[in-house]
Amino acid sequence: MAAEGGGRAAAGRLYLVDTITGDPEVLQADAETYYEKLLKKSLSTPDVFSIPGRGEVKLEDSCVCFVPLYRNNPTCKLLLLTDPKDKETVLAVYLSQRWWPVEDVVKTADPARDGLILVQTFGERIVLFVLNCIIFGMLEGSSANDAFFLPHSATERAKILWRNGEAAAFYSVKMKGSLCGGTTSQCYLLPVLDTIFVQRKYRRGGLGMKMLHDFCQSFLAEDALGISCPISAAMYQVCQKFLQAHPEEQKRLWEVEAPGDWSQRLNIWLKIQMESSPSGKAEVGSCMEKASTTKPSQLDQMNKGVDCFPGVGQVAGDTKEKEDDRTAAGTLNSQGPEEENLVQSAGDAQQSKGLRKREGPGDLDGEKATKQFKTTP
């Protein structure tokens with residue numbers, strides 16, 4: 001028997017984000033009941049699920065698993081279907097008594113979903129998870145970067161950028177005053193852009209610049225805004241283009257380590273200017289050498305629980321000091337070829353410590369700030 005697929009189908013059919021309603025706990029209980037029945041049936045004649053372009057996949061115990069939807073909350077889980085030939089490839093998500101192909105989970109039939117929209121509903125949280133942990137973390141993430149994003153918390157502020165009926169990108173923010181992690185009482189001292197990702201097919205269309213501008217416009221009353229450390233070279237190019245176009249933001253954007261006091265901030269525009277000079281570029285480059293790390297299996301880490309996730313994509317914090325704080329800036333859209341893959345790895349967090357300098361807001365334009373930066377060991 002073929003299992004019912006998700007919303008791709010006939011005209012008038014809606015997608016997961018358009019239809020999911022009700023209590024998330026009830027939806028999870030339904031998935032658990034389905035899973036128990038599936039285990040019994042797979043011993044005799046397993047059902048199959050048809051995926052366009054991939055054919056039929058047998059719904060067997062070896063191909064389905066539950067993973068945490070949120071960071072630090074292992075009780076809320078999603079049931080996933082993986083490729084029998086490649087267990088790191090997720091094919092579908094089970095919700096509301098049906099399987100939804102991954103490609104359909106990030107689609108919408110609602111014309112009102114267009115542009116950057118704040119994540120609020122349970123369905124939008126699922127879209128965020130799929131973009132973050134499945135499309136980037138498993139399908140589009142490059143193993144060469146040794147990085148992936150952690151699941152977001154259930155209350156984390158995030159926006160999804162919808163384009164042409166599809167979730168094309170997202171970014172998330174650590175709010176000023178929010179806890180830096182579950183094991184510390186420290187709170188962020190400024191809003192921090194924590195994760196950012198653009199689907200590969202939507203890159204080089206200015207979406208990264210659009211989200212960075214939206215982030216800045218969302219906190220006009222703040223004197224300083226952060227981007228989680230470490231920031232990749234590719235994302236620095238996006239920041240450079242943005243700050244050249246918006247010079248009024250040059251004093252506001254800082255590369256920060258949590259919680260973001262002045263000893264943990266490096267002005268992004270200042271760093272860009274220093275790298276443009278031969279002596280400054282040599283010193284900055286020596287501080288940015290990347291540590292060699294081995295990327296664990298994304299699915300295995302999810303099944304082990306949130307605490308096992310190393311830092312993620314560019315926001316992932318230092319795995320020892322900030323286990324779930326800084327899953328920072330990830331894959332951004334940009335115009336230049338060097339900016340096509342904007343993933344930053346958590347393994348760089350300790351390397352970036354050498355870039356920190358002590359300065360106050362008044363030091364930015366002075367000669368003193370430049371000298372401090374040059375003499376940073």
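The shown structure was predicted, so the numbers you read here are calculated from the model rather than taken from an experiment. For reference, positions follow the sequence shown, starting with 1.
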To the nearest 0.5 angstrom, please state how far the [atom1] atom of [X] sits from the [atom2] atom of [Y].
X	Y	atom1	atom2	value
R71	C133	CZ	SG	9.0 Å
E222	C216	CD	SG	11.5 Å
I160	I117	CD1	CD1	8.5 Å
Y34	L39	OH	CG	10.0 Å
D23	D30	CG	CG	12.0 Å
T75	K77	OG1	NZ	8.5 Å

Ignoring hydrogens, what is the shortest heavy-atom contact between [X] and [Y]? Give both atom names and the distance.
X	Y	answer
E56	S50	CG-OG, 3.5 Å
A92	F49	CB-CE2, 3.7 Å
G205	R163	O-NH1, 4.4 Å
L190	L225	CD1-C, 3.6 Å
L116	K159	CD2-CB, 4.0 Å
L14	W100	O-CZ3, 4.0 Å

Would you indicate whether the side-chain heavy atoms of [Y] and [X] approach each other to under 4.5 Å?
X	Y	result
V173	Y188	no
F219	L193	no
C239	I227	yes
F215	L253	yes
V256	Q264	no
L38	D61	no
I196	F170	no
L179	T184	no

- Message: Go through it in stages, so that I can follow the logic: the residues are S153 and N72, the test is side chain to side chain contact (heavy atoms under 4.5 Å, CB included), and I'd like the CA-CA distance, side-chain angles, deciding distance and then a yes or no.
- Response: CA-CA 7 Å; S153 70; N72 297 336; over 6 Å; no

- Task: Decide whether Y70 and E156 meet the rule of one side-chain donor and one side-chain acceptor closer than 3.5 Å.
- Result: no

- Query: Can you find a side-chain donor-acceptor pair between Y202 and E166 that sits under 3.5 Å?
  - Reply: yes

- Would you please test C65 and L79 for side chain to side chain contact (heavy atoms under 4.5 Å, CB included) and show each step? CA-CA 6 Å; C65 62; L79 183 61; 5.8 Å; no

- Test: R113 and E124 ion pair at under 4.0 Å: yes

- Query: Would you call D47 and K58 a salt bridge, taking side-chain N to carboxylate O under 4.0 Å as the test?
  - Reply: no

- By side chain to side chain donor-acceptor pair (under 3.5 Å) - contacts of D110 (at least two apart): none

- Message: Run the side chain to side chain donor-acceptor pair (under 3.5 Å) test against E248 and tell me which residues pass, sequence neighbours left out.
- Response: H246

Is a side-chain donor or acceptor of [X] paired with a backbone partner of [Y] at a separation under 3.5 angstrom?
X	Y	value
N267	Q250	yes
R265	G260	yes
D18	Y15	yes
R157	S172	no
S178	K174	no

- Tell me, with the steps shown, if V90 and L81 meet side chain to side chain contact (heavy atoms under 4.5 Å, CB included). CA-CA 6 Å; V90 176; L81 173 66; over 6 Å; no

- Message: Can you confirm whether more than 12 heavy atoms, excluding those of E25, are under 6.0 Å from its CD atom?
- Response: no

- Task: Answer yes or no: does atom CG of D86 have more than 12 heavy-atom neighbours from other residues, nucleotides or ligands under 6.0 Å?
- Result: yes

- Message: Before you tell me yes or no, could you show the steps for H152 and N132 under side chain to side chain contact (heavy atoms under 4.5 Å, CB included), namely the whole-Å CA-CA distance, both residues' side-chain angles and the distance that decides it to 0.1 Å?
- Response: CA-CA 9 Å; H152 297 97; N132 181 24; 3.2 Å; yes

- Task: Give a yes/no verdict on a cation-pi contact between R252 and W254, requiring under 6.0 Å between NZ or CZ and the six-membered ring centre and an angle within 45° of the axis.
- Result: no

- Item | Step-by-step side-chain hydrogen bond (donor to acceptor under 3.5 Å, both in side chains) determination, E255 to Y236 | CA-CA 10 Å; E255 181 175 8; Y236 256 108; 2.5 Å; yes

